[in-house]
2 protein chains.
Amino acid sequence: MTHKNLTIKEIAQRSGVSISTVSRVLNNSPSVSNEKREKIQAVIHENDYQPSMVARSMVSKRTHTLAIIAPDINNPYFTDLISEIELIANQSNYSILLFNTMSAGNRKVETKDSIEISVFKSILEKQVDGIFILGGDIDKEDLSESYLTALNHLNSIIPVVVIGQYQNGVNCHFIDRNLKYGVTLITQHLLSLGYRDIGFIGGEPKIKITTERVKAFKEILSLYSSVNEETIILNDYYAKDGYQAIKLLIEKNILPKALVAMNDQVALGAFRALNDYHLSCPEDIAIVSCDAFPDADFQTPRITNVNQHNHDLAQVALTTLLFYLDTTEILPENMSQHLPELVIRESCGSKNIGGLKL
Amino acid sequence: MTHKNLTIKEIAQRSGVSISTVSRVLNNSPSVSNEKREKIQAVIHENDYQPSMVARSMVSKRTHTLAIIAPDINNPYFTDLISEIELIANQSNYSILLFNTMSAGNRKVETKDSIEISVFKSILEKQVDGIFILGGDIDKEDLSESYLTALNHLNSIIPVVVIGQYQNGVNCHFIDRNLKYGVTLITQHLLSLGYRDIGFIGGEPKIKITTERVKAFKEILSLYSSVNEETIILNDYYAKDGYQAIKLLIEKNILPKALVAMNDQVALGAFRALNDYHLSCPEDIAIVSCDAFPDADFQTPRITNVNQHNHDLAQVALTTLLFYLDTTEILPENMSQHLPELVIRESCGSKNIGGLKL
DNA sequence: CACTATTATGAAAACGTTGTCAACACTTTT
DNA sequence: AAAAGTGTTGACAACGTTTTCATAATAGTG
């Protein structure tokens, strides 16, 4: 803390030129004599001079910073997205301002005034160039009026890209997650293995990700079998919830032959509960998941799941946002993204049952 | 993007006062007549006016932003720290600029010029008020000369707090992790259960976290038994590495009776490998871990491990950094933090062996 | 050789705040 | 009644850049 960064003025003085000329070499303007350019560059280098982004932002109106709003950065789904966005953003010379709204996860906070709305204020203050919303309030089926106005106001000043399901009345750009396709894929896999008695576990009830998936699940299941509402247990997205779901099904004595879990964590919790009741997957029950997390291939049993290609999602989101940064007012067509991909491992019991066809 | 944020000038005009007066109400200066204050506040509210942090930073030299440099935000250890730091920082009105250096993890990048050094430059540019380094290059046993100068230069301008082991020649403030204590604790537990043939798996070889732990492991083990270097397998911090380690030990036919794993992920990978060889934990071998990750209690077997109380670490780190922000030049005494805590579950086999004492 | 392009340079305004200072209108003190 | 204090207010400099504009120096043209 003894040192301080020099200013362009001091660089100019030490190089014996004007501020303007230094600015020119900083911005690679061609109209500077080689002699002075070299001298200036030498001085810059000697003093480890870094131009102040703050001052630059002052005039350019750009902070080269993007905000990410995520509800729970301890959840692998979000960190996967965040790390991918961060990577690509850095390559395009943008930094990431991270806001963890804690509106999901172990340490979830319930307040009457949404944390997210107050986060919007901070973001406005910070004058980021663009904003990603990865989940949280935006996923609720019943958006509050105040949240909606706050979000639309935000979006009217700074472009917002939401990774999630489209919501009526929200003006932001949505990157759709193709939620239905993934569940359909994996439920179909269970069906094609011969399972008919299939339930669904995990996911918060009034959240779009959950409701959309459950809806798609019921649709496909009802084509081949009947839906038993009792074996659809919605609580939350974590291991404890898979555990609780299994416990409930067993206690009520309605454990089905197969289950679709919201994600790998829920599946993990389910495995644990089964073990505690001396049952095992896939012998006694098949369990698959809609959302792959990093260690699926190391769990016992290895989890049959759907790889949602979140990396790819992040890429599309960033491209979209960068687009809006420059070319205001024009809407791009939906960009391509990889479709969810079924990854067959052990927990579906495909090895045991062995390819019954539909 | 149709709207734009007003400036203080426009607020002043619409309120019929000078810029200075508006600035006074923004900063709660007492010397403003009630009449004008109310008028101005009304105008501010009507227009959703947010003062520009950029302009404020320009004059105050403070951005109210802290940077976090982490090597792999897909690793629960880091997200745990990040989310805790973010939470407390927000409460103190600081925002978090996140830099993921990808110097660890699945997508690790190797370059001749350290990514971290280039991150230092971005950070300098952004003029954050303080910096956290959570891991990465700083943990290397042999720090490169260029990294060291870059880091010390950075720290001479912006205060840096490192969560990690002290390094000679680095001037930053270090928050020590008490690494030794945790391994000692858990190794002692194995010893007290009667195990003598104990190995160690996981962790990158030339990284301080690893070397410190292995050293402590050897120290305590050698008091009661002999150390077999062959059963110490250092590769990396992830599930694949636990898997690989077990595979190696089995192939060389030197699988010990118990293993200390670097962290829960390594343990998970080890469980998986055992299963593939039709062995099981803890019946055939006990496996415990030095670093707890969220789902330890849902794995099969439930993992006996050490809770390092990382939350607490984050708290200390933030307090330290905030201290340096205001009171330059003075060193605070080490703040208290929770000691690592042994959590006995199943994977140590304590239930089977049942309390042999040392 | 005068006249116009072209290139290199610096002065000064602008960005949106805060902070210092002076000025004004009142009170209060002497 | 003059002096001194107190509470409100606005003008203006400052923060570190970029950008616009004018100008000086050089080269190219008829």
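Numbers restart at 1 for each chain; the letters A, B, ... are given by sequence-line order, proteins then strands.
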- Item | SB check Asp326(A) Arg62(A) (cutoff 4.0 Å) |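 Yes, Asp326(A) and Arg62(A) are salt-bridged.
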Could you tell me whether the phosphate oxygens of [N], OP1 or OP2, come under 4.0 Å of any side-chain nitrogen or oxygen in [X]?
| X | N | answer |
| --- | --- | --- |
| Thr21(A) | dG10(C) | yes |
| Ser18(B) | dT9(D) | no |
| Lys61(B) | dT18(C) | no |

Nearest listed nucleotide, side chain of [X], among [options]:
| X | options | value |
| --- | --- | --- |
| Val17(B) | dT18(C), dG10(D), dT18(D) | dG10(D) |
| Ile8(B) | dG16(C), dT8(D), dT17(D) | dG16(C) |
| Ser52(B) | dG19(C), dT19(D), dG16(C) | dG16(C) |
| Met58(B) | dG10(C), dC15(D), dA8(C) | dC15(D) |

Quickly work out the [X] [atom1] to [N] [atom2] distance and round it to whole Å.
| X | N | atom1 | atom2 | value |
| --- | --- | --- | --- | --- |
| Met53(B) | dC15(D) | CE | P | 19 Å |
| Glu125(A) | dT17(C) | CD | C1' | 12 Å |
| Lys9(B) | dT18(C) | NZ | P | 16 Å |

- Message: Checking side-chain polar atoms at under 3.5 Å, does Ser23(A) have a donor or acceptor matched by the opposite partner on Ser20(A)?
- Response: no
Which part of the nucleic acid, if any, lies within contact of [X], taking any heavy atom under 4.0 Å across all strands shown: a base, the sugar-phosphate backbone alone, or nothing?
| X | answer |
| --- | --- |
| Val32(B) | sugar-phosphate |
| Ser31(B) | base |
| Thr7(B) | sugar-phosphate |

- Query: Any donor and acceptor pair, going by atom type alone, linking the side chain of Glu125(A) with main-chain N or O of Ser52(B) inside 3.5 Å?
  - Reply: no
- Query: Counting distance only, does the side-chain N/O of Ser156(B) pair as donor-acceptor with the main-chain N or O of Leu154(B) below 3.5 Å?
  - Reply: no
- Task: Could you give me the CA-CA distance, side-chain angles and deciding distance for Phe132(B) and Leu321(B), then say whether side chain to side chain contact (heavy atoms under 4.5 Å, CB included) is met?
- Result: CA-CA 8 Å; Phe132(B) 296 102; Leu321(B) 191 50; 3.3 Å; yes
- Message: For dG10(C), does the base pair up with any side-chain atom of Arg24(A) as donor and acceptor (N or O, under 3.5 Å, distance only)?
- Response: yes
